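Here's the structure we're looking at; comments come further down.
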Amino acid sequence: QSLGYVNMPTTEELLANVPADSPLMKLAEFVKANPTFLQEIRTYETSHFSKFNTEKTNKGEFEHEHKEIYNGYLALVEGKLKQFYEFSGLDDEKVVAIIEGMRKDAPQQAAAAENILGKAEFNNWSKHMNEKAKAAAQ
């Protein structure tokens, strides 16, 4: 089950302090070696979040267009994941197991990994986009 988007330091700040023995070290190394990795995902979100600030989305109701935007997000993340898996030698099953193992002892790191690796479900991601849209409108 996804933790969704949580209030935490930026992903870069969190990963800058990843202990050498952390299961996230491969992810931290990949992010550092591929600085555009996160920026491309953030750029995609930024170019679409305004569509999530409507009367319906403010009530938690989302339309087909929002699902299409989410599917575009997933496609982008899947491409990035493929690069990460080639870099790290991990696969989706191993990454999910690592995140699950971290939930109790390192919930913020687990949430950061989910955010980076696109493990947020549609409802959590849509709420995140709605919150970004409302904050930008203020």
Side-chain angles (χ1 to χ4, degrees):
Q1 177 160 335
S2 173
L3 293 174
Y5 283 80
V6 296
N7 188 11
M8 64 181 170
T10 66
T11 303
E12 290 84 359
E13 290 170 342
L14 198 57
L15 292 179
N17 299 310
V18 173
D21 63 345
S22 170
L24 284 183
M25 184 49 74
K26 286 185 188 259
L27 181 57
E29 290 170 359
F30 178 75
V31 170
K32 289 175 187 174
N34 297 277
T36 62
F37 176 75
L38 297 175
Q39 188 56 45
E40 290 176 43
I41 294 169
R42 288 198 178 106
T43 298
Y44 182 85
E45 286 185 343
T46 300
S47 68
H48 291 90
F49 73 76
S50 64
K51 296 175 181 130
F52 286 77
N53 190 13
T54 68
E55 189 174 321
K56 283 186 175 185
T57 59
N58 290 336
K59 294 178 188 175
E61 300 171 13
F62 300 96
E63 298 181 20
H64 182 70
E65 175 187 21
H66 301 115
K67 186 68 173 175
E68 288 179 354
I69 294 169
Y70 175 71
N71 288 338
Y73 164 80
L74 288 181
L76 175 63
V77 169
E78 286 298 319
K80 298 298 177 190
L81 279 177
K82 183 178 178 186
Q83 293 173 3
F84 170 64
Y85 293 155
E86 289 170 3
F87 175 89
S88 67
L90 298 172
D91 59 27
D92 200 48
E93 189 175 299
K94 290 177 186 171
V95 169
V96 169
I98 289 169
I99 292 171
E100 287 297 321
M102 294 173 58
R103 285 189 196 280
K104 183 179 177 191
D105 297 327
Q108 282 193 316
Q109 286 186 333
E114 285 186 326
N115 290 352
I116 294 169
L117 298 174
K119 298 297 181 192
E121 296 168 339
F122 174 73
N123 288 337
N124 288 330
W125 186 80
S126 298
K127 288 175 189 172
H128 160 75
M129 292 291 278
N130 179 251
E131 289 167 9
K132 285 178 74 168
K134 287 193 284 190
Q138 293 180 359

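This one's a predicted model, so the numbers in the text were calculated from it and none came from an experiment.
The 12-atom threshold is not exceeded at NZ of Lys56, counting heavy atoms of other residues, nucleotides or ligands nearer than 6.0 Å. Remark: Lys127 NZ is loosely packed, at most 12 non-hydrogen atoms of other residues, nucleotides or ligands lying under 6.0 Å away.
Remark: aromatic rings of Tyr44 and His48 are close, center separation under 6.0 Å. Taking the centre of each ring, Phe52 and Trp125 come in below the 6.0 Å mark.
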### Task
May I have the step-by-step check of side-chain contact (heavy atoms from CB on, under 4.5 Å) for His66 and Met129, ending in yes or no?
CA-CA 10 Å; His66 301 115; Met129 292 291 278; over 6 Å; no
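Taking CD of Glu40 as the start and CG of Asn34 as the end, the distance is 9.5 Å to the nearest 0.5 Å. Separating the CG atom in Asn130 from the CD atom in Glu61 is a distance of 11.5 Å, to the nearest 0.5 Å. Interatomic distance, Tyr70 OH to Phe122 CZ, rounded to the nearest 0.5 Å: 8.0 Å. In this structure, OG1 on Thr36 lies 8.5 Å from CD on Gln39, to the nearest 0.5 angstrom. Here the straight-line distance linking atom CD of Glu65 with atom OG1 of Thr54 works out to 9.0 Å at 0.5 Å rounding. Taken to the nearest 0.5 Å, the CE atom of Met25 stands 10.5 Å off from the CG atom of Leu27.
Contact check for Tyr85 versus Val95: side-chain heavy atoms found under the 4.5 Å cut-off.
For the pair Lys132 (side chain) and Phe49 (backbone), a donor-acceptor distance under 3.5 Å is absent.
A salt bridge does not link Lys82 to Glu78: none of the charged nitrogens lies less than 4.0 Å from a carboxylate oxygen.
Between Ala133 and Ser50 the shortest heavy-atom distance is CB-CA, 4.3 Å. Heavy-atom minimum distance, Thr57 versus Lys51: CG2-O, 4.5 Å.
Each of Val77, Leu76, Ile69, Asn71 was scored for a side chain to side chain contact (heavy atoms under 4.5 Å, CB included) with Tyr73, with one residue passing: Val77.
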